[in-house]
Amino acid sequence: MTMSRRWTAAVVLGLAAGCGGDDVSSGGSSGTSGSGESSSGGSATTTADSSGGSSSGGGSSSGPDPDTSGSTGGSSSSGADSGSSSSGGVVGTPADFFVRIENISGTSVLPSSISAALWLEHGLGSTPVLSGLDQADPGDGLVPLAEDGDGTTLLASVSARDAVVQADLTDPLAPGEMLEFEFTAQQGNRLSLFTGLGGANDIVLGTGPVGLSLFHNNGTPQEERDVSSVLALYQVGSEFNQAPGMGQYQQQTQTVGNTGMDESGQVVLFESPTRALPQPRAIIDVDVAEDIATPGLFTITVSNIGDSGRGTVFGSLSPLLWVQHDETFEFFTVGGTVADVAGLEAFAEDGDPTELATTLAGATGVGDSAVVDSVAQPGDSFQFTVQAGAGTARFVTLATMVQDSNCAFIAPWPGGVALAAEDGTPRSLADIEEDFQRLLVLWDAGSEAHEVPGVGANTQTQQLVPNQGEELGGTIAPWSDGNNDLAGSLAGGFLQVTIVNAGMPGQFDVTIENTSGGTAFPGALAAMVWAVHDSSVSMFDEGAAASPSLEALAEDADGSAMLGDLQGDGGVVASDLIGGALGPGDSTNFTIDADAGAFNFSFAAMVVPSNDTFVATIPGGIALFDDAGDPLTDPQLALAVADGVRAWEAGTEANQAGAIGRDQFPRQDADGDGVDEGNGLIRFADDDPVWVWPAPDQLVRVTVGPAGN
């Protein structure tokens, strides 16, 4: 009989829709639950663990490298395993093992639940779950595990395979929770482990195709070891990615399973976050160099990498503030407020480090400190030099504001990054850089209401004078705003459409006004195409691939091809293209004629800036006549408009952050810039060209070793 026992840490997660909404404790449930008896007779038992902290990022193994056959980054890709047994058909003595899984994501850049995990013992050389990359899911259960955290289909399919000795599912884990299970393995066999990631759309976290070794070559069990660094994140290629931890259709946010948009590229309602921002390592890069002649004299370079590759954020960073300090100093308290640190509000909202620099320089435990007083545009860098040592020279904390936001700033987790060991000995460059990558977080200061990054009227780059946004009394927490400002009727108020009866029966006056100026997403309407047509015509079909003309309109504000399509359709009686963009407060008016044979009205216009978002009438358009063939009254027309105009996603280009993606029109260098929503194939998640995902060992700690030691 299987017993389970859970330990839960009190981890504070920032889940605010504004700059500091309610904090949520990730305590999760406790108690017992069963995962079934293992087929080899060993039992699975969870044990308590009080660490609950963030991963060291090292993931060093005390035994031979547990092979993951193809994973990238810190993972082994050799395809061989020096610790595996090759028994040549001789059955050796079985051994008991334990596996401990800890969800340590609560203090990472992506606080996330992990689903029930599939674990299995299988023969050497077999690939029972992942047979390789760059292929479609074979249909054996990876998709429901990745999208919905449901491992039952995958469990059933792998359990039936000849190479699999035993397989089972563990319990899900919230941040701060852990569990253990035990099993008996035959000499020479291997362990594979896969779990769904709650803060993602279609990602599984797990071992590589051939799994982990359990035995040495001499047949003895391998020693207890942390195998976290050889895990990998895999996208199964079934659902397009939303911002990590902020999407409406991710495991931990969706109301029902299997609801996200397919990666194949379909026209759907726009239901992605408009205020999402990526992890710091998609915004900055930190490089550390040491003076050869002076040990511990480090030059730290912080680069704005918004111009690199397909950068998610193409915007400026405020002047950078840095301080050296001892282990007692903390820049701020997670869950505290900006009022606790004089000058933090001005820094986080307006990029002004003046008062904050004075506050930190005089704080207990602080040594040297300074401000690099320049703004870093994409491609620019900050640089400063520090001498590492004991006491107040041991740690460094740095901070810079994302200036296209209301109150987002980048800084390490409170406590900073260690430059030296406790005795003052300088740490290695690799360890320091790894800690920067692991510990840097994008913080929400909790002091000002969020708007769409890059265009919000009160963001630092758009405001006329400092401190203009709506003040909030929220708390400091990791950035996690998944709000969609284009949701609902009339794209959440982005526009107003008025249709009224004109002087002649069947004649209507149409007014389309950009009303986004008073919203969190002030933008433009571009490439507006309209048509009056019969029921055989539709500008697009929901759930179908976008036509080339719709792609041009939605990505590049080019409506000429769409107009050509309409003019060549026999069901269209009138159509036109309204040139020029309609900015906030602008409007356009025109009169249309319809009759009982052709009484549907459609229009489409790109939302600028965006990757491939457009506002439009529902497929088939708005009916202007009733079933009896009479024109609708003005009140009836108003209801039809309210029900029939939405924001849509063309499904042709991956969405970038807010309104500051480098491939968004009009920021893009050329028409067609941008990457597809996905390729529909199983691949490493760190290959995603738009959204950056954390390293697996920032999310979970997995320990494997002999049981009973």
Side-chain angles (χ1 to χ4, degrees), residues 14 16-19 109 240-248 270-280 282-284 304-307 310-318 348-349 351 377-378 401-410 442-445 448-463 469-470 478-487 491-494 516-517 519-524 554-555 584 606-615 647 649 653-668 673-675 688-692:
C19 253
V109 294
F240 90 109
N241 286 332
Q242 297 172 308
M246 301 179 224
Q248 181 177 351
F270 181 84
E271 293 177 315
S272 294
T274 53
R275 305 180 192 176
L277 288 168
Q279 297 170 23
I283 303 173
I284 66 172
N304 182 335
I305 58 173
D307 63 337
R310 295 268 66 90
T312 307
V313 168
F314 192 83
S316 59
L317 300 173
S318 78
E349 293 183 12
Q377 302 293 341
M401 180 204 178
V402 177
Q403 292 191 294
D404 285 303
S405 73
N406 294 88
C407 58
F409 67 98
I410 296 171
L442 181 69
W443 297 98
D444 174 0
E448 186 171 299
H450 293 174
E451 298 167 317
V452 175
V455 293
N458 300 302
T459 56
Q460 198 275 336
T461 54
Q462 303 296 315
Q463 64 188 3
E470 177 189 350
W479 185 276
S480 57
D481 192 339
N483 192 76
N484 173 15
D485 292 290
L486 299 177
F494 195 91
S516 67
T519 73
F521 191 167
E555 287 188 15
M606 182 186 182
V607 172
V608 176
S610 74
N611 290 91
D612 63 348
T613 305
F614 64 103
V615 292
E649 162 84 46
E653 185 173 302
N655 295 325
Q656 296 168 319
I660 47 178
R662 67 170 300 164
D663 299 320
Q664 295 170 344
F665 182 88
R667 188 189 300 270
Q668 63 191 7
D673 278 359
V675 297
D688 192 300
V690 175
W691 295 111
V692 174

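All residue numbers in this chain count up from 1 along the given sequence.
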Can you see which heavy atom on [X] is nearest to which on [Y], and at what distance?
X      : Y      : value
Leu317 : Ile284 : CD1-CG2, 3.4 Å
Ala491 : Val615 : CB-CG1, 3.6 Å
Ala657 : Val313 : CB-CG2, 4.0 Å
Gly456 : Pro522 : CA-CD, 4.1 Å
Pro244 : Val692 : CG-O, 3.6 Å
Gln463 : Glu349 : NE2-O, 4.2 Å

Nearest 0.5 Å, what's the [atom1]-[atom2] distance between [X] and [Y]?
X      : Y      : atom1 : atom2 : result
Asp481 : Asp444 : CG    : CG    : 7.5 Å
Asn611 : Glu653 : CG    : CD    : 4.5 Å
Thr613 : Glu555 : OG1   : CD    : 10.5 Å
Phe614 : Leu486 : CZ    : CG    : 12.0 Å
Leu277 : Leu442 : CG    : CG    : 5.5 Å

(request) List in chain and number order the residues that pass side chain to side chain donor-acceptor pair (under 3.5 Å) with Gln403, two or more places apart in sequence or in another chain; answer none if no residue qualifies. (result) Ser316, Gln460

(request) For Asn241, check side chain to side chain donor-acceptor pair (under 3.5 Å) against everything at least two apart and list the hits. (result) Gln235, Asp688

(message) Set out, in order, the CA-CA distance, both residues' side-chain angles and the distance that settles side-chain contact (heavy atoms from CB on, under 4.5 Å) for Val690 and Asn655, then state yes or no.
(response) CA-CA 8 Å; Val690 175; Asn655 295 325; over 6 Å; no

With [X], which residues qualify under side-chain contact (heavy atoms from CB on, under 4.5 Å), at least two apart?
X      : value
Ala520 : Arg275, Glu451, Asp485
Thr519 : Ser516, Phe521
Gln242 : Asn201, Phe240, Gln248, Tyr249, Gln250, Ser272, Pro273
Val608 : Ala524, Ala526, Met606, Phe665, Pro666

With a 4.5 Å heavy-atom cut-off, do [X] and [Y] have their side chains touching?
X      : Y      : value
His450 : Ser405 : no
Ile660 : Pro453 : yes
Val109 : Pro478 : no

(message) Determine whether Phe270 and Val607 satisfy the following criterion, side-chain contact (heavy atoms from CB on, under 4.5 Å), listing intermediate values before the conclusion.
(response) CA-CA 11 Å; Phe270 181 84; Val607 172; over 6 Å; no

(message) Test side-chain contact (heavy atoms from CB on, under 4.5 Å) on Asn458 and Glu448; report intermediate values, then the result.
(response) CA-CA 9 Å; Asn458 300 302; Glu448 186 171 299; 4.0 Å; yes

(message) Please check this pair: side chain of Glu649 against backbone of Asp612, looking for a donor-acceptor N/O pair closer than 3.5 Å.
(response) no

(request) Say whether Asp404 and Thr459, considering side chains only, have a donor N or O and an acceptor N or O under 3.5 Å apart. (result) no

